[in-house]
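Protein chains get the first letters and strands the later ones, always in sequence-line order, with residue 1 at the start of each. Model, not experiment: these values are computed from the prediction.
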Number of protein chains: 4
Amino acid sequence: MNVHSLLVGTMDKRITILIAAETLLSERGFYGLSMKLLAQRADIAAGTIYCYFKNKDALLSELLIHINMQVANKLFENWTDTQSLQQKYEILWKNTFNSVLRNPQRLNVVDMLLFRPGHDRKEIKNILRSNVFSPLFDFYQQGIDNNTFHAWPIEALLSLSFDSAINLAKHILRQRLEKNEELVAQVRKASWLIIQKQNNQF
Amino acid sequence: MNVHSLLVGTMDKRITILIAAETLLSERGFYGLSMKLLAQRADIAAGTIYCYFKNKDALLSELLIHINMQVANKLFENWTDTQSLQQKYEILWKNTFNSVLRNPQRLNVVDMLLFRPGHDRKEIKNILRSNVFSPLFDFYQQGIDNNTFHAWPIEALLSLSFDSAINLAKHILRQRLEKNEELVAQVRKASWLIIQKQNNQF
Amino acid sequence: MNVHSLLVGTMDKRITILIAAETLLSERGFYGLSMKLLAQRADIAAGTIYCYFKNKDALLSELLIHINMQVANKLFENWTDTQSLQQKYEILWKNTFNSVLRNPQRLNVVDMLLFRPGHDRKEIKNILRSNVFSPLFDFYQQGIDNNTFHAWPIEALLSLSFDSAINLAKHILRQRLEKNEELVAQVRKASWLIIQKQNNQF
Amino acid sequence: MNVHSLLVGTMDKRITILIAAETLLSERGFYGLSMKLLAQRADIAAGTIYCYFKNKDALLSELLIHINMQVANKLFENWTDTQSLQQKYEILWKNTFNSVLRNPQRLNVVDMLLFRPGHDRKEIKNILRSNVFSPLFDFYQQGIDNNTFHAWPIEALLSLSFDSAINLAKHILRQRLEKNEELVAQVRKASWLIIQKQNNQF
DNA sequence: CATGAATGAGTTTTCATTCAT
DNA sequence: GATGAATGAAAACTCATTCAT
């Protein structure tokens, strides 16, 4: 066994543990994630987890990052440089909307992780923003810079446009609305129009 | 002591416990709410809590309802029948936005209560919707009925309009943006325009 | 209200409490007898019990005595002075046997009371023996004195004769044997014969 | 350390806990057996008990079985195949009588375990009867089959014969009678004679 | 690296008892 | 005598973490 295979093996076990943790969180909620049960699911001994993670809290923090990185990957799927801003926006919005709808548990899991005791939500949010989600901010900045979007702080734009994808998906999940493709397209289109500079003067 | 003062006294202790519970949830998170600590904060014996609430879960359910009723009261503050739809919307949006900004922890607490293990979120959501938040839905239905708003499901309208108040407030809290009154007004106005039927055809 | 009616009323409530206690013990076992539940059953406030009994243990001790007095009454039912020893024995044995069979819970209740923590079984046993059960000992002494029974210590005679009624009833209860009248009569007769001096020489 | 010593070590701790439990039950009664105190007596941490027993009830069930197996072993001590029925009976009776006398608390402990709330006595009784105590039933069946004993249900025979050993021992314990060897022998002999078919016709 | 037995502080909940009314 | 709200010690049980192997 060489160093490389060792590292790979090590990484695999880390990931195995993280995946088992997410599964347990979505299956059994925050209380359902005991280290003993996690070990069973990951097919290792309880003590072994502590070879890879300092403690439960560190494990959960890493899980949050791990999930966010996966989410970010989904978000920018199918983006290419030749697309227009609007094309990119539609893809971004659809990816987001569909991610929430297709894996609603994951939204819960992220919430559990964000609301867990002793966790400073701002800290990790900032870490993520400046890394995995930076293309999202770059996208909006570009729209601002070329006079397409209102010259507002990006968060203001997000609250009217990007966030609507998550909002609508949540409403659908809660309300058991039928997923009406036409309606979804209308909301998406509206959320695009509302941040256009030329269409709306306030 | 008469019956009335007795009831008031009894109610006071219930409320005292609920308030202490909310404080602890926002200060220490879901884990931080142990019944022993709660008793200390409420300045009573641990056993006394069980004179007022069957068990911890019942207490948390009541807390959720208690908070939602307070929130709903805030939401419709300053509404009068003579106001136009737009006036009502502005009040509603401002109330919501300010509620989140002024008591950001409360949003977290509600999430903790909704995400707590073994809790069926839909059940309570429906209870609340059909009661304390029904004016919100009535408001949107009215706008739809008189051809002011798009004839979409109310949730679709919410995701573009009302939700933006919460979204923006959250972004401000997370980002520590200065609360720029003009920007806030712009976002609010945009969120109003986007659901108008006459202004936008999709 | 005069002193007499007060005493009668007082006595009634004592008995009411004791009866409720026995009912709860047989219905719900030892754990099922909480003072709060007992108060509910007796239709009084929890604190009121302490007007009649010093504490739970004193209540249970009195219940044990109360039950034993009732049991003793059953035991000697239908005894008359004109009956022969053997007639008396048959009545005694039948009464005992039937008491156990008809109210098996009562046997359990007595056991619960005897095995309760901190209870010195010998103490109460002796109190009872020298009082409510003294006719039983008198009966055996009479048989010894007139040369009918073996001149053994009464306990030795009991272990072969009277005890068989309880033993058999217990076996029937545990085993769900059919209550075969003929068999019961045979056992009873055998238990009578075995203590006769003239029939058995050892 | 090999597998065998590991198993032995594990078994030892189980047994240590069971022995401590029996001691506490006999010393302090049913209430006196708290898991914390049990852990102290067994010189382990409170949580360790739950490595070996699912919960308190499972522990008590195992204790009942454990004790009954030990009791059964004592019961049939010194039996050999060449002995006559009467020889076997005398040994059986003496073993039983002495077991009760030598470890009177054990009788109480067994009763506590049988009478403990939520415990179905019949279930375990049947398990034991069909296993550890089956030689006892075989013994009586043999006596019935070869026309030595009355052809009654075994329980009827037990109530007159075997049970007398326990009855007498209990009476001696309660009464603090001197253990009179001659008297004991007489009772034992009487209990043997009473179940003989040839000696007694009813 | 991996194990899993052992730990013990921590949890929720019960309940006999008290005492101001 | 009667009440019942309040008490707080104690119960059974959980579980993140450690450490000898």
Side-chain angles (χ1 to χ4, degrees), chain A residues 1 6 9-10 13 31-40 42-60, chain B residues 1-2 6 9-10 13 31-40 42-60, chain C residues 1 6 9-10 13 31-40 42-60, chain D residues 1-2 5-6 9-10 13-14 31-40 42-60:
Chain A
M1 180 186 285
L6 221 158
T10 295
K13 202 166 276 189
Y31 280 167
L33 185 69
S34 82
M35 298 302 266
K36 195 158 270 179
L37 190 54
L38 175 57
Q40 275 175 30
D43 213 29
I44 53 176
T48 307
I49 298 174
Y50 292 85
C51 299
Y52 295 93
F53 303 94
K54 190 192 159 202
N55 54 29
K56 189 177 186 178
D57 199 63
L59 186 154
L60 295 177
Chain B
M1 180 185 283
N2 57 26
L6 223 159
T10 295
K13 199 163 278 186
Y31 272 176
L33 185 68
S34 86
M35 299 303 266
K36 194 159 269 178
L37 188 55
L38 174 56
Q40 277 175 25
D43 210 30
I44 53 177
T48 306
I49 299 173
Y50 292 86
C51 296
Y52 295 92
F53 304 94
K54 192 190 158 201
N55 52 33
K56 189 176 187 177
D57 198 65
L59 187 154
L60 295 177
Chain C
M1 181 185 284
L6 221 157
T10 295
K13 203 166 276 187
Y31 281 165
L33 184 69
S34 83
M35 298 302 266
K36 196 159 268 178
L37 189 55
L38 175 57
Q40 276 176 28
D43 213 29
I44 53 176
T48 307
I49 298 174
Y50 291 85
C51 298
Y52 295 93
F53 303 94
K54 191 193 159 199
N55 55 29
K56 189 178 187 178
D57 198 64
L59 187 155
L60 294 178
Chain D
M1 181 184 282
N2 57 26
S5 71
L6 224 159
T10 295
K13 200 163 277 189
R14 280 186 84 85
Y31 269 175
L33 184 69
S34 85
M35 299 303 266
K36 193 160 270 179
L37 189 54
L38 175 56
Q40 277 175 26
D43 211 31
I44 53 176
T48 307
I49 299 174
Y50 293 87
C51 297
Y52 295 92
F53 303 94
K54 191 192 160 201
N55 53 31
K56 189 178 186 177
D57 198 64
L59 187 154
L60 293 178

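Using atom P as the reference point in both F:dT21 and E:dC1, the two lie 23 Å apart (nearest Å).
Atom-to-atom, CG of B:D43 to P of F:dA6 comes out at 13 Å; the value is rounded to the nearest Å. Atom CD in B:Q40 sits roughly 15 Å away from atom C1' in E:dT12 (whole-Å rounding). Rounded to whole Å, atom P of E:dA2 lies 12 Å from atom CZ of A:F53. One atom, CG of B:L38, and another, P of E:dG10, lie 18 Å apart when rounded to the nearest Å. Distance D:L37 CG to F:dA11 P: 8 Å, rounded to the nearest Å. Straight-line distance from the CD1 atom of A:I49 to the C1' atom of E:dG4: 12 Å, rounded to whole Å. Rounded to whole angstrom, the span from the CG atom of C:L59 across to the P atom of E:dC15 amounts to 16 Å.
With DNA chain E read from its 5' end, the first of the two nearest nucleotides for D:I44 and A:A45 is the one closest to A:A45.
If you take CD1 on C:I49 and CG on C:L59, they are separated by 7.0 Å, rounding to the nearest 0.5 Å.
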Counting primed atoms, P, OP1 and OP2 as sugar-phosphate and everything else as base, the B/S/- map of nucleotides 12-19 of chain F against protein heavy atoms under 4.0 Å is SBB-SBB-
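Side-chain proximity of C:Y52 to the nucleotides F:dA2, E:dA2, F:dT7 is greatest for F:dA2.
Phosphate contact (OP1/OP2 of F:dA6, side-chain N/O of B:K13, threshold under 4.0 Å): present.
Scanning all heavy atoms of the two residues, the minimum distance from B:Y52 to B:K13 falls at OH-CD, 3.4 Å. The shortest non-hydrogen separation linking B:K56 to B:L33 is NZ-O, 2.6 Å.
By the side-chain hydrogen bond (donor to acceptor under 3.5 Å, both in side chains) test, C:N55 is found to be paired with no residue, residues two or more places apart in sequence or in another chain being considered.
Stems are defined here as 3 or more consecutive Watson-Crick or G-U wobble pairs with pairing distances under 3.5 Å; those involving DNA chain E are E:2-21 with F:2-21.
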